[in-house]
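Per chain, numbering begins at 1; letters A, B, ... match sequence-line order. Because the structure is a prediction, the values reported are computed rather than measured.
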Amino acid sequence: MKPFPKKYKHTDAETQWQARWAEDDAFKWSPDAPAETDYVIDTPPPTVSGTLHVGHVYSYTQADIMARYMRMSGRNVLYPIGWDDNGLPTERLVEKVKKVRGGNMSREEFVALCKEVIPPYEDEFRNLFSRLALSVDWSREYQTISDESRKVSQLSFLDLYRKGLLERRLEPTLWDPADRTAIAQAEVEEIEREGKLNQIPFEIEGGELEPAIIATSRPELIGACGGLMIHPEHPRAKELVGKNAISPLYGVPIPIYAEDTVDPEKGTGIVMCCTFGDVTDIQWYRKHKLPLRVVIDEAGKMKSDLAIGSEGWPSKDVEAAQAIITQLAGLKAEKAKEAILEILKERGLILKQDVTHQVVPVAERSGAPLEIIVTPQWFIKTLDYKDQILEKAREITWRPEYMRQRLESWVEGLKWDWGISRQRHFGVSIPVWYSKRPGEEGKIIVPSPDQLPVDPTSDLPEGYSADDVIGEKDVLDTWATSSVSPQLVTRTVSEDLGKDYETHKRLFPMAMRPQAHEIIRTWAFYTIVKALHHGQSVPWNNISISGWCLASDGSKMSKSKGNVIDPIKLLDEYGSDVVRYWTGTSRLGHDTALSPNTLAQGKRLVTKLWNAIKLAHMAWEQVPEGALAQPSTVKADFAAGLISHPMDQWMLGHLSETVAKATEAFEKYEYAQALRHVEDFFWRIHCDNYLEIVKRRTRFEGVPDAEQTSALYALFHASATITKLFAPFMPFVTETLHDVLWGEGDNAIATIHARGSWPKAEDFIAPDTFRREGDNFVSILAAGRKVKSELQVSMKAPVEVMEVAGLRDSDPNESLARVMGDTALDMEAVMSTQTIVWAHPLSEGLPRAASPDNDFEVALKMAPQEPKSE
RNA sequence: GGGCGUAUAGCUCAGUUGGUUAGAGCGUUACGUUGACAUCGUAGAGGUCACAAGUUCGAAUCUUGUUACGCCCA
């Protein structure tokens with residue numbers, strides 16, 4: 001046995017074990033282990049250009065607690081880690097740091113700059129994750145900017161393209177005017193704000209009928225109006241449908257249609273249909289075959305040249321229309337709205353203005369109100385596959401289960417195919433060229449899998465020269481890369497495109513996906529879509545959803561509130577084990593406040609654990625070299641008669657039950673429940689009672705006798721098992737203790753976190769061994785403590801006679817030996833009493849107290865106070 | 001508007017198929033230190049389990065409704 005260190009210093013332990021684990025590749029997945037023991041985790045790579053926050057600590061630690069348990073329980077865990085450095089946030093960061101515009105240089109040059117800027121940011125994450133003791137397989141660390149990652153993203157593109165699940169289409173697209181790029185529905189956020197619903201009259205051609213009064217919140221789109229929609233049961237529907245209205249300011253004749261999807265309750269019951277205000281406009285456009293009239297450009301500004309006055313876009317007053325166009329040209333949509341309202345007001349064309357709460361879709365990233373514009377984009381087919389996506393979502397086990405509904409409601413509400421092309425400079429290229437060769441102009445050319453990764457703006461397809469093709473400039477949506485992390489880790493996307501399909505087949509689908517709930521509709525959704533399209537499979541069998549980390553008062557952490565906690569400072573102050581303990585007490589899916597109280601509790605636990613093991617160690621230190629054999633298993637040592645004392649068996653029986661309960665909870669991913677079982681045993685059974693009881697037998701000189709030997713083995717097994725049970729939660733302190741206990745033993749395993757080191761209930765003794773008698777012992781002891789506490793004397797205060805009576809099923813023929821077995825010596829030692837008697841009734845006049853379970857009552861006759869000697 | 005979650009001691013939370021007297025930590029009160037631990041120990045006080053109705057021999061737990069807070073979607 002190694003000597004026991006004087007004091008536990010978390011910083012030393014953390015530094016030491018981090019280095020050792022890294023050196024030993026301690027958490028490397030083993031390809032030689034049987035495939036059925038594989039347990040693969042799909043870790044979402046964090047965006048390294050963002051700042052570290054406690055949320056990272058929280059959700060990644062939750063995953064690691066499970067990973068460590070799974071590994072210890074015998075699974076061959078593959079826990080990969082990557083860094084996402086491929087998206088718009090990285091582009092922005094690099095532009096800021098290097099004071100450049102990505103668009104002004106070649107893609108290659110920009111990527112080179114990224115590779116220069118990113119490493120320190122990546123290091124921050126690497127450092128945090130390493131300090132947190134995430135048991136990842138560092139030999140598989142990857143960057144999404146790497147060739148390998150880009151290759152898999154492009155392979156994914158090729159596979160879907162070949163299967164016809166991915167195509168380029170010219171159609172209305174969600175557009176972020178601030179970042180000037182197409183975006184997907186998942187990147188849209190709806191914000192509520194106060195808006196104005198304006199009632200504006202449209203004259204009716206011929207002049208015989210009253211004007212049609214429409215209600216709109218987007219008057220700047222009057223120029224884009226292609227039709228008016230009126231509910232068929234509207235009182236004016238009969239006279240208006242089929243007529244033309246004349247748009248104010250522009251003088252454009254606008255046909256009026258009956259449309260039963262118009263909400264007759266809202267506004268005036270007559271609405272403009274424009275190119276394009278929202279998804280409904282697109283549906284109506286398609287249904288009624290309306291002409292495209294685009295008035296807003298890609299920057300979200302009013303266009304300066306509209307073909308008003310042409311054949312397809314006539315006007316009653318072309319000059320007036322052009323004057324308005326000129327007046328509004330170049331204004332952003334919001335400004336144009338104000339300007340056009342001003343003009344309409346001047347002309348008396350605002351009949352009514354209602355203040356309404358409206359829901360405005362904005363781009364999640366830039367916060368800019370969205371536009372819908374028509375440009376060619378690449379789409380992955382999702383709308384036609386809703387049912388299959390839902391089916392896959394149901395094949396996955398969600399923890400907590402109700403989180404699946406988030407995905408389901410999202411899928412059910414999908415209105416757009418997944419647009420994956422982005423008009424950005426930086427990112428993974430869309431691997432296609434468009435032919436300029438006579439006779440095949442516009443033909444789409446894709447590279448061969450061997451050619452990947454390609455940049456079509458600088459590379460060329462086989463057999464074509466630079467003059468023959470135009471390379472696609474757009475890049476892939478960053479989710480298009482993120483969503484193939486399972487394929488990246490398993491090396492390929494599908495059988496016909498894979499070089500290492502055997503590995504893929506072995507590892508896919510993965511066992512578990514840990515992630516936070518705010519990325520269900522994006523990351524989880526996309527990953528499911530990809531796995532479905534590539535191989536008709538789920539990407540993972542389990543998904544566990546973590547909640548948010550909140551400030552100690554339960555509010556969200558935010559910079560504006562100033563309540564953001566720096567995770568590094570948190571780790572410095574408490575140590576990783578304590579912070580991980582806090583995570584371990586949280587429940588999957590639930591938000592958890594960063595409570596100082598829980599952190600303090602963790603700190604207490606680490607200290608207590610340290611001291612409890614120290615006690616066991618001190619006992620063993622007294623054993624002469626070679627006097628006792630190295631402990632084996634509880635079961636074997638019990639069978640060999642080494643563990644002979646009933647209270648030792650009682651404690652080990654409880655421990656056996658704890659192992660079973662903790663294992664069961666972990667198998668259900670209820671790690672907090674597991675922690676509770678372990679902590680409960682450790683604190684209540686082991687420290688509060690067992691250690692007090694066993695102390696009598698831990699002091700000896702020379703070779704221990706039978707009951708001392710029994711104590712030594714019991715203490716060893718308890719210590720070794722308790723450290724293992726706590727190991728997934730507190731890897732550093734448990735590793736330190738494990739090293740001290742086993743460091744030089746024959747049965748030593750290098751790390752407590754090794755595969756298969758989790759205790760097995762079948763290696764213990766039956767939980768009910770001496771259970772009733774031992775529990776009675778503890779009850780009686782509690783009653784005795786209470787008497788002493790009420791007398792306000794120390795536990796060491798000497799007692800002459802301790803009287804015990806059974807309260808329940810009180811039987812005068814019962815005896816002490818029958819309720820608590822042959823343990824009177826132990827009770828005498830803990831209570832400092834000379835004798836114990838079974839008394840019916842208890843002597844009158846003595847101080848007495850009942851046990852907490854009311855099964856026993858104890859009276860104490862204290863020994864006369866000895867005069868204190870000087 | 002639709003859906004989901006949460007509501008238990010002063011505070012933070014457990015409570016696994018309904019079952020004795022609802023638990024833990026912090027805080028609080030009293031007491032206790034020469035052999036693991038004062039970053040401690042022992043004992044005590046503290047709860048109409050959000051509210052209302054129902055099912056049941058029995059409800060924190062199941063059903064329905066209400067309220068408050070939070071989240072997701074429209």
Side-chain angles (χ1 to χ4, degrees), chain A residues 4 7-8 10 185-186 188-190 192 263 278-279 357 359 361 400-415 517-521 545 547-548 550 552-556 574-575 578 581-582 585-587 589-619 621-622 661 664-665 668 670 672-677 679-680 683-684 686-692 694-695 698-699 715 719 781-797 808 830 849-850 852-855:
Chain A
F4 205 88
K7 214 173 171 186
Y8 178 62
H10 69 80
Q185 189 183 343
V188 177
E189 198 181 345
E190 281 170 336
E192 280 186 46
D263 182 357
D278 55 25
V279 179
H357 272 286
V359 178
E401 208 267 334
Y402 60 78
M403 282 294 178
R404 190 183 59 224
Q405 291 169 12
R406 295 242 188 139
L407 187 92
E408 287 184 355
S409 68
W410 170 251
V411 172
E412 280 158 7
L414 269 185
K415 293 204 165 62
H517 62 65
E518 76 266 21
I519 49 172
I520 290 176
R521 72 174 186 183
I545 306 290
W548 277 328
L550 305 174
S552 56
D553 61 353
S555 64
K556 268 194 207 172
Y574 291 97
V578 172
Y581 170 85
W582 158 72
T585 62
S586 69
R587 274 166 71 197
H590 288 72
D591 297 347
T592 298
L594 185 59
S595 121
N597 186 15
T598 310
L599 290 166
Q601 206 172 328
K603 217 167 165 178
R604 266 163 35 90
L605 178 61
V606 170
T607 310
K608 190 79 175 175
L609 182 62
W610 182 260
N611 285 304
I613 306 303
K614 188 165 144 195
L615 176 71
H617 196 273
M618 283 168 62
E621 278 171 355
Q622 304 169 113
K661 281 182 176 170
E664 195 188 334
K668 290 191 282 185
E670 288 169 2
Q673 191 66 41
L675 176 57
R676 198 164 276 277
H677 287 307
E679 217 184 328
D680 215 46
W683 219 279
R684 302 272 145 272
H686 191 69
C687 293
D688 289 357
N689 287 297
Y690 178 70
L691 290 184
E692 294 305 325
V694 82
K695 270 178 187 166
T698 58
R699 290 174 207 129
L715 279 170
S719 301
L781 174 57
R785 277 180 170 145
K786 199 166 165 182
V787 179
K788 284 198 166 178
S789 173
E790 280 165 6
L791 289 173
Q792 304 198 340
V793 299
S794 139
M795 277 302 282
K796 292 199 174 71
R808 197 169 299 268
V830 185
D853 55 14
N854 263 330
D855 279 355

Original post:
Pairing of RNA chain B as dot-bracket, 5' to 3': ( ) intra-strand, [ ] crossing, | other strand, . unpaired, with Watson-Crick or G-U pairs under 3.5 Å?
Top reply: (((((((..((((.....[...)))).(((((.......))))).....(((((..]....)))))))))))).

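Partners of A:His617 according to the ring pair (Phe, Tyr, Trp, His ring centres under 6.0 Å) rule, which considers only residues two or more places apart in sequence or in another chain, are A:Phe4. Scored by the side chain to side chain donor-acceptor pair (under 3.5 Å) test, A:Arg521 finds A:Glu364 as partners (sequence neighbours excluded). Every residue two or more places apart in sequence or in another chain was checked for a ring pair (Phe, Tyr, Trp, His ring centres under 6.0 Å) with A:His677, and none qualifies.
A:His590 NE2 to A:Leu550 CG: the interatomic distance, rounded to the nearest 0.5 Å, is 12.0 Å. Rounding to the nearest 0.5 Å gives a distance of 6.5 Å between OG1 of A:Thr698 and CD of A:Gln622.
Remark: A:Arg521 is in phosphate contact with B:C73, judged by side-chain N or O atoms under 4.0 Å from OP1 or OP2. Taking 4.0 angstrom as the limit, A:Lys661 places none of its side-chain polar atoms (N or O) nearer than this to OP1 or OP2 of B:U16. Note on A:Arg587: a side-chain N or O is less than 4.0 Å away from OP1 or OP2 of B:A14.
Separating the P atom of B:G23 from that of B:A43 is a span of 15 Å, rounded to the nearest Å. The same atom, C1', is picked in B:A45 and in B:U29; the two are 7 Å apart, to the nearest Å. Only the P atoms considered, B:C71 is 23 Å distant from B:G15, to the nearest whole Å. For the P atoms, the distance from B:A14 to B:A7 is 7 Å, rounded to whole Å. On the P atoms, B:U17 is 23 Å away from B:C13, given to the nearest whole Å. The same atom, C1', is picked in B:C26 and in B:A9; the two are 12 Å apart, to the nearest Å. Spacing of C1' atoms, B:U6 relative to B:A50, comes out at 11 Å, to the nearest Å. When the P atom is used for both B:A59 and B:A52, the distance is 15 Å, rounded to whole Å.
Residues A:Asp688 and A:Arg684 are paired through a salt bridge, judged by an N-O separation under 4.0 Å between the basic side chain and the carboxylate.
Between the side chain of A:Trp582 and the backbone N or O of A:Ala593 there is at least one donor-acceptor pair closer than 3.5 Å. Side-chain atoms of A:Gln185 come within 3.5 Å of backbone atoms of A:Lys415 as a donor-acceptor pair (strictly under, hydrogens ignored). With hydrogens and angles disregarded, a donor-acceptor distance shorter than 3.5 Å links the side chain of A:Ser719 to the backbone of A:Leu715.
Smallest separation of non-hydrogen atoms from A:Glu790 and A:Ala849: OE1-CB, 4.4 Å.
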For residues 603-612 of chain A, tabulate all N or O donor-acceptor pairs below 3.5 Å that involve a side-chain atom, not counting sequence neighbours.
| from | atom 1 | to | atom 2 | distance (Å) |
| --- | --- | --- | --- | --- |
| A:Thr607 | OG1 | A:Lys603 | O | 3.0 |
| A:Asn611 | ND2 | A:Thr607 | O | 2.9 |

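Residue contacts shown for A:Arg684 are limited to sugar-phosphate atoms, with no base heavy atom under 4.0 Å away. When heavy atoms are screened at a 4.0 angstrom cut-off, A:His590 is found touching the sugar-phosphate backbone but no base atom. Heavy atoms of A:Asn854 sit under 4.0 angstrom from at least one base atom. Heavy atoms of A:Glu192 sit under 4.0 angstrom from at least one base atom.
Nearer the 5' end of RNA chain B, as judged by each residue's closest nucleotide, is the contact made by A:Pro852, out of A:Pro852 and A:Glu790. Between A:Lys668 and A:Asp853, it is A:Lys668 whose nearest contact on RNA chain B lies nearer the 5' terminus.
Across the protein-nucleic acid pair, A:Leu550 atom CG and B:G5 atom P stand 18 Å apart, rounded to whole Å. Here the C1' atom of nucleotide B:C26 and the CG atom of A:Leu605 are 15 Å apart, to the nearest Å. Rounded to an integer number of Å, the gap from CG of A:Asn597 to P of B:C26 is 7 Å. Distance CD (A:Glu189) to C1' (B:A74): 14 Å, rounded to an integer number of Å. Rounding to whole angstrom units, CZ of residue A:Arg785 and C1' of B:A30 are separated by 17 Å. The nearest whole Å value for the distance from the CD atom in A:Glu412 to the P atom in B:C4 is 12 Å. Between the C1' atom of B:G2 and the CZ atom of A:Arg406 lies a distance of 15 Å, rounded to the nearest Å. In this structure, A:His677 places its NE2 atom 11 Å from C1' of B:G15, rounding to the nearest Å.
Relative to the side chain of A:Gln185, the nucleotides B:G5, B:A74, B:U42 differ in distance, and B:A74 lies closest. Closest to the A:Gln673 side chain, of the nucleotides B:C73, B:C71, B:G15, is B:G15. Comparing B:A30, B:A43, B:U12 by their closest approach to the side chain of A:Lys786 singles out B:A43. In this structure, of B:A30, B:C71, B:A43, it is B:C71 that holds the atom nearest to the side chain of A:Trp548. Side-chain atoms of A:Trp410 lie closest to B:A74 of the nucleotides B:A74, B:C4, B:U6.
Counting only N and O atoms by type, the side chains of A:Ser555 and A:Asp553 include a donor and acceptor under 3.5 Å apart.
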Polar-atom pairs under 3.5 Å, protein N or O versus N or O of nucleotides 35-40 of chain B: list them with distances, or write none.
| from | atom 1 | to | atom 2 | distance (Å) |
| --- | --- | --- | --- | --- |
| B:G35 | O2' | A:Arg699 | NH2 | 3.4 |
| B:A36 | O2' | A:Asn611 | OD1 | 2.8 |
| B:A36 | N7 | A:Lys695 | NZ | 3.3 |
| B:A36 | N6 | A:Glu692 | OE2 | 3.2 |
| B:A36 | N3 | A:Asn611 | O | 3.3 |
| B:C37 | O4' | A:Asn611 | OD1 | 3.3 |
| B:C37 | O4' | A:Asn611 | ND2 | 3.3 |
| B:C37 | O2 | A:Lys608 | NZ | 2.9 |
| B:U39 | O2 | A:Thr607 | OG1 | 2.6 |
| B:U39 | O4 | A:Lys7 | NZ | 3.0 |

